[in-house]
Structures are given as structure tokens and as C-alpha cells.
Amino acid sequence: MRRRPQSTSAATTKPEASEEPIAPSWVAQRPQRSPFVWLTLFLAIAYGSWSVFHYQFESLPAPLTPEQAGKRGFSEFSALEHVKALTQLGPHSVGSDALHLALQYVLAEAEKIKKTAHWEVDVEVDSFTAKSGANRMAGGLFKGRTLVYSDLNHIIIRILPKYAPEAVDNAILVSSHIDTVFSTGGAGDCSSCVAVMLELARGISQWAHGFKHAVIFLFNTGEEEGLNGAHSFITQHPWSKSIRLAIDLEAMGIGGKSGIFQAGPDPWPIETFAAVAKYPSGQIIAQDIFSSGAIKSATDFQVYREVAGLSGLDFAYADNTAVYHTKNDKLELLKLGSLQHLGENMVAFLLKIAASSHLPKVNTMVEEDNKGQSTAVYFDILGTYMVVYRQHFANMLHKSVIAQSLLIWTTSLLMGGYPAAISLALSCFSVILMWIFALSFSVLAAFIIPLISSSPVPYVANPWLVVGLFAAPALLGALTGQYLGYLILHTHLSNVYAKKKQISPVIQADLIKSEAERWLYKSGSLQWLILLILGTYYKIGSSYLALFWLVPPAFAYGFLEATLTPARFPKPLKLATLLIGLAVPILISAGGFIRLAGTIIGTVVRLDRNPGGTPDWLGNVIVATYVAAVMCLTLVYLLSYIHLPGAKKSIVLSTCLLFGLSLAVVSLGIIPPFTKDTSRAVNVVHVVDMTRSFDGKQDPRSYVSLFSSTPGKLTKEVEQINEGFRCGRDKVVDLVTFSVKYSCWTFDDTDSGWSESDVPTMHVDSDTHGDERITRVLIDTKGSTRWTLAINADEIEDFTFKDAGSSEELVLVGDMSSVDGWHIMQFSGGKNAPTRFDLTLFWMKNSTRLDHKVEGKREEGTPLLKLRTDMDILTPKVDRVLSKLPPWCSQFGKSTFPHTFAFLSNLPVNF
């Protein structure tokens, strides 16, 4: 029987029940975000992050007086007296009279400690002069170099219980260096460390009667010239054979909290420190960055670990890194509480390990460390508690989280089917767009700044400018990129929902926005999951950051938002999901991210290792890239919330306003890029160039050179000095062997203040041919006990080096490494160091120079040897220039840089 069709009017006025639009209960109010709420939330997160940083790194303990500390405690005010005494001596570099006075001061204080020690404690004081020696580090800053030293003096204190004879065979080393670079009195680097050690030794001398191990305090010299003090002690002093654990105190800034930035290879020291320290501070992310070589520096801990095979801890002050090795490393900038913080931590740590029956065995942990299983992952929480666990536990934990995350994602995709897979791919694409736009906007700002500012790095003295100059465009770029991804995802979801006829178009639009918002949020967790997988695979200790940025946001989403019912309609994300998800990650990592940003900004001052060799924009690009990366990693969850109507416009306008104001401040010079307390790093050197031309003739050239490790031209400085300087890139000078590619120089009034009798000589004593070619060169550095020699590694296979006066072998035939075709030998020593040497060169067997009559343009252009000798001379011209140096400039000290006077000479290949 046929059914009669309904009339058209009936069909349109009374739809079937199955075709009625389904309306979620929340659609009475359209999903949108309040601009005021979200601006407030942005400010609250920024303030919270800054508060975490301040509490974690800026909150210092109250300094104690001697009366408050007592005989066994640590008094910062007592330690400060040592800092004052040492900094009043001025710069005390190796070989200087000031260093001799500093050694005498430390020796006198050590004798006082010996006299006042507990009656059951033996205190031994040794003034040790190291013989000549040589050090070849396997890697790091000094790779490809031979570091030679002589006549270095150290003060050593050994404290041990009088009635525990076994303690003499098992010792704990606490080490730092007395010497400074020539440009600073070194309040931070490292008079503060020496002061802490003296006060520690005083207090420990009252406790040591209960110890099972001796404690050795090493006050060495020669660290600033290539870790020579630590090497000479480890290889020459008899007490070094008893050391089982090493603690190094360093500074790459001035004051603040002294944190651990290297630990191991045995995890026992860091585990013990975490258990007993009153104010624990340390981040493995600093260790990962330092060991990667991104920071071009080295400490004595490298010697203790590589040469002696010791485990231990390396501490460093890292506040205000821009003052490192400049005149501003001064007592006035040392924050109160800095010494107390390190001192109290060290007292607790030494009391624990010195009384322990366990100390790490030398060398036994290195093999396990190479397997990546025994190393420790460590980080502090707000400077009050330190988390430590071993790498094998980290691997298990990370793999468990990765497996569960992949299982959840797989289940979700299987439930959602093909549309869900496409949505996931598009949400990941939005993350990629976010990175591209954030980096592009921020890096574009980095290129603009040198064009409008008097300095390419106008934010060094005022690091907060980075927020407006780089963070603002990075945020704008991240928002733009994610919004484009949101639009693409929105289009895809529109097509998906268009097939659901039972939902009205108005309701569909709201559902699509809410679901797109959820996919963007989930893509943030996927970003961190990928980082966690990579970090786990390569056993990167700081992968714990990915763990904390993955798990809490995912947990908050699963607890408050997720459902296993695929038919449930998506709702707008709750604000509580964001707040709960971000609370723990911000608490754990915000302080570290801000601290690292400050460190990067501070290192920009000395970025150019070959002055003029890097573009002016490079420092900005490094800072901008870091800022943009942190913004993309940490704001991905937050940004997913602001694509609903109401929030974007106010955030975009506020960000553009902040960026515009920052550019205006920089371009108008309202805020100076450098100040008297945060200076530009420059060097003023009187150079006498005695290098021979290729026909063997010498044409001495005397001039004063002004160059800078800080990006930017020296036009403003030269105008103020007004001493006839000419600037440019047409006078490239190899200062053996780093090149000054941009500098200012003057030949006026440069013939006085030095003598030709101080000019070094290199004389070929013999040149024998046979199965192999061997050349013997006699070198006389005259009065110089600080010099650098470069050996052409393309022609020379190996060499020996000895003191011509005593015939003592300083460097034996070995594995001569090289960097950029040169092997560098650095020499530094005291006033009694030798100045005449015998260098024997063994030529390459396949060298084109076996017949030294071979000619060729390329061969003639490269010398066999290059030599720079530094003299302790201040010529009238240099003295005048230094007196006129602007207050925002400071001489910069470095082991490879000359002081204020240098001779340059060479030996051609066709000698």
C-alpha cells in the first residue's frame, strides 16, 4: 500500500524529530574572551615569572657578623675584609708585583688560621712554587693549544684531625685562584672566592677534630692564563695524590647566588650537597650549555676532572655577567648576602663529606659516566630545595611518560578517525607557523636595531629593554603564526561539521571555534612531547623541563576538559585548565629561563672573539632567537585561548605599542647602551710589528691599536679620545692567532716608551734534511714572560720545546692538535720564568716544504711561526689614551689577548 506524500507546507513547518537541531547547553552565551581579563592574565603570568626569578636567584641570606657566626660559623663581614684587602691591590695578574702582595696577604691569613685552630686539629700551610710544566687539554676552550707555565706560586692549607692518621691519605680539595686579569681588581673573579675559602678554612679548623678526611684549600695562581695553577698543583705537589674529591669556586660575574654549573662524574657529591645545603642552587641546564661549548670559557674543574680523574662540584657566581673581566668587577657591585650564601652552603657540605666514610674513587666513575647512566640530573626549586636523580631513573621516567602520551594520542586518533588525524596535523602546522613568524619578527627587529641605534646592542646596561625589543615582536609573531594555523584548522573543521545536518549553522560556528581552540592547546603538549623524546634519546639532563611542560598541562586538560565520549560537543576551554596547567612549569622553569636570558645578554659585551670579525647584528640575533624560542615553547598553551572573539585586538595593540616605545627609546638615545658600571669591552695596545716580509726583510712599525670585543664601531669613543685615531677594516692584524678585523689605530707619538733591546728573536740554529726534515729554532723573548707562539700545522707534524738555559724538556713529542691550521702555544710565568727556549720542529713527510726553495704564492703567504710577546710596559701614548677613555669603556682581560704592549714577529717558511 502506497503512503500518501505530505504536503510541502507540512514538511517545512513540522520537521521530523530526528532532524531537530541539537543545541549544547552552553550556547546561550557565545564563546568569547574578555580583553581586560586576558591582559590582566598576561601581566599576572609575567609578574609571577619575575617573582619566581627574584626569589630563586635574587633572594639572599642576611650577612652575619663574626659575633653572630661564632668561631665555627661563617661570617660574610669577615670575608668582605679579605675582598677589600685584595681588591685594594688593584689588578694582580701573573708576574705582577701586586700578585706577590696578594700571595703574602693570603699566606699571613693562613698562618693566623693555623695559630687559632682547635687543639685537636692540625693545620699545615705550604707556600709552593711550581716548576715549569705544560698542559694540553683534550677539549674545551683550550683545544689545539699547549699551555706552558713556569714560576707559579700557590698557597695551600691542609686541615686534618690530629688523632686520625688515615685522614692524611684521603683529602677533599677546595680550590680557587688568586690571580686576576690585568684589567680588574677582581672583586668577583675571584677575590670573593678566595675570601670565602679563607673564612671557610677558619671555621673548618674548629670542626676538623671529628673529620675522617683532610680538607685542602688551594689558593692557586695562573688560572686566568689557562688553568695553569690547577695543573701545576695536580701534577707536582705531593698532597695532590691524596685528593679524592674536588670543589672549585669560580665567578663569571659578580655576586648573587653561587650555583652549581658542573657536577660529577660521580653523582654522590651533588646528591650529598642537595641533602645538606641550606640554600641549594644549581641547574643542570647550565651544565649542558657549558659542556656544549656554547659558552667559551673554562675553569680549574676541567683539570681536576680530565687530568686527575676526580669527581666533584663546580660553583660560580653569575650575577651581572657583563662586568666579567672589566674594571666593573668591583667591590661596590658585590651584593650583600652573596658570600654568606656560598659560605653557609659550603660549611654544611664540608662538615657532611669530611665526616663521611665514603668518598668517590678516582677514575672509577668515568667509564660509567660515558655510558650516560650514572650522571645526575639536578635542579633547585626556588633556591630552597634541590631535586637530584640519576640518569637511568630519568630514562625510565621519561620513557614511561612518552609511552603513556603516545598511547593517549593513539587512542584519541582511533576514536576520532580520519578527521581527527587531519586536525592534529593542522594543529601541528599552526605550531610550525608560530615558530616561523615568532623567529622572523624577532630576528627582523634584531636587524633593525643596529640601523637606528648608536650601538648595535643598546640593551646591555638595561636588560629589561629586551622585553620590548625582542619579546614583543616574538609574541606578535607567535600570535600571528598560530592564528593563521587556527584559520586553516577552522576551515577544515567547518567542512567536517557541515556534514552534521542536525546542528544549526549558528551553533556549528561556535562548536568549530571551541574545537579548534582545543586542538591548538593539545598541539602545545605534542611540541613538548617531541622535545622530551629527543632529550631522552640523547640523554640530555635538562630534558626534565620538557617533562614539566608536558605533564601538568596535559593532566589539567585531561582532568577538566577531556572526555571519552566522542559524541560530546566541545566547550570553550576553562580558565582553570590554563592556570592549573601552567602553575608547576612556571614555578620550576621561569627563574632559569630569565637567568639564562640575563647571562646571554651579559656575554654580548665580549661576543666578538675576533674583533670586527662578526656582524654587528649577530648578538641581537642570538638574543632574539633565544627570546623567541622561549616565547614559543612557553606561551603555546596561553595563545591557544585568545583566538575567540574579544581578546586578540587588545593584545596586538598593546604589543605593538610596547615595541614602538622601545624602538623610540633606543633610537632617541634616551637610555644609554653602556654606563660606568656596565661598560663596553675595549683594548688599547701599543703594537710594535716586527714581522718579516716574504723576502726576509724587517720593517718595524709602531702604532697604538684600539679594538673592542663588543659589537659596533668605535667612532664615538675615538672622537672623545681625540688622539689621531683612524678607524676601519683595512688594517687586519693577527695577534697570534686571532685577527683584529676592525680597529682604530694611530702612528702618532708611538716611538717612545719602548726599546729595541726588548724585541724578541727567532733564530734558525739548524735545518737538517734526510728521511725527515728537522729544524731547530732558538727563541729569545727577552724580558717577556707572557707570550703566544703559533706553529703552522700544515707544515709541521710535531715539535719539542725546552728551556734553553736549563735544557729542561717542557713539551715532549706528542699528539699535536690544531685549530684552523695552527697549533698555539701559550706561555705565562712569574718574574723568574725563563725567556730563552729551544724549539725543534718535525716537518710533515708529505710537506711541499721539504725543499725550502719551493716557490709559490700560497706558500709564501703563510709563515712557519708567529710570535707575540707581551711586555709590562705603559708607553706615554697608551697612558694618554687610557686617561681619555670614556667612562662607559673598560679594558678587557683575556688569556689570549695582549695587555698594553706587544711585539709581533714571525719566521717565514722560506727562512
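FYI, side chains are in, hydrogens and waters are out, and symmetry mates aren't considered; it's all heavy atoms of this structure.
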Measure across [X] and [Y] and return the closest heavy-atom pair with its distance rounded to 0.1 Å.
X	Y	value
Ala171	Ile216	CB-CD1, 3.8 Å
Leu249	Cys190	O-SG, 3.8 Å
Ile270	Ala376	CG2-CB, 3.6 Å
Glu199	Ser75	OE2-N, 3.1 Å
Lys212	Ser357	NZ-CB, 4.0 Å
Leu313	Phe301	N-CE1, 3.6 Å

Fit a plane to each ring of [X] and [Y], take the angle between them on a 0 to 90° scale, and name the class: parallel (under 30°), tilted (30 to 60°) or perpendicular (over 60°).
X	Y	result
Phe219	Phe217	parallel
Phe897	Phe738	parallel
Phe128	His154	tilted

Report yes if the side chains of [X] and [Y] come closer than 4.5 Å at any heavy-atom pair, otherwise no.
X	Y	answer
Thr321	Ile295	no
Trp268	Ser311	no
Ile260	Ile284	no
Trp207	Leu350	no
Lys296	Thr603	no
Leu64	Glu76	no
Gln283	Gln56	yes
Gln262	Gln302	no

Is the backbone N or O of [Y] less than 3.5 Å from a side-chain atom of [X], with the two atoms forming a donor-acceptor pair by type?
X	Y	result
Asp179	Gly222	yes
Tyr317	Ser338	yes
Asn683	Phe892	yes
Asp329	Asp189	yes
Asn220	Ser176	yes
Ser784	Asp870	yes
Asp380	Ser281	no
Gln340	Phe74	yes
Gln287	Ser542	no
Thr785	Lys831	no

Between [atom1] on residue [X] and [atom2] on residue [Y], distance to nearest 0.5 Å:
X	Y	atom1	atom2	answer
Ile254	Leu333	CD1	CG	5.5 Å
Leu359	Ile243	CG	CD1	11.5 Å
Leu342	Lys257	CG	NZ	12.5 Å
Arg786	Glu225	CZ	CD	4.0 Å
Thr599	Ile289	OG1	CD1	8.5 Å
Met346	Leu339	CE	CG	13.0 Å

Stepwise side chain to side chain contact (heavy atoms under 4.5 Å, CB included) check, Val94 with Glu224: CA-CA 8 Å; Val94 171; Glu224 296 291 5; over 6 Å; no

Do Asp266 and Lys361 sit within salt-bridge range, that is, some charged N less than 4.0 Å from a carboxylate O? no

Flag for [Y]-[X]: side-chain donor and acceptor within less than 3.5 Å:
X	Y	result
Ser828	Asn228	yes
Tyr149	Ser232	no
Ser93	His899	no

How about [X]: does its [atom1] atom have over 12 heavy atoms from other parts shown lying under 6.0 Å from it?
X	atom1	answer
Lys71	NZ	no
His100	NE2	no
Lys143	NZ	no
Asn170	CG	yes

Go through the steps to decide whether His177 and Glu250 satisfy the test side chain to side chain donor-acceptor pair (under 3.5 Å), and finish with yes or no. CA-CA 8 Å; His177 61 95; Glu250 257 296 351; 3.1 Å; yes

Using side chain to side chain contact (heavy atoms under 4.5 Å, CB included), reason through Val377 and Arg390 one step at a time and then give a plain yes or no. CA-CA 6 Å; Val377 176; Arg390 301 198 179 190; over 6 Å; no

Check the pair Glu109 / Arg202 against salt bridge (Lys or Arg N to Asp or Glu O under 4.0 Å), numbers first and verdict last. CA-CA 9 Å; Glu109 293 300 315; Arg202 182 202 60 76; over 6 Å; no

Candidate pair Thr384 and Tyr55, rule side chain to side chain contact (heavy atoms under 4.5 Å, CB included), full reasoning: CA-CA 9 Å; Thr384 58; Tyr55 194 88; 3.9 Å; yes

Go through the steps to decide whether Asp122 and Arg158 satisfy the test salt bridge (Lys or Arg N to Asp or Glu O under 4.0 Å), and finish with yes or no. CA-CA 8 Å; Asp122 275 337; Arg158 181 164 68 174; over 6 Å; no

Under the side chain to side chain contact (heavy atoms under 4.5 Å, CB included) rule, what do Asn135 and Phe142 come out as? Steps first, then yes or no, please. CA-CA 10 Å; Asn135 175 22; Phe142 298 108; over 6 Å; no

Is the distance from the ring center of Phe273 to that of Phe315 below 6.0 Å? yes

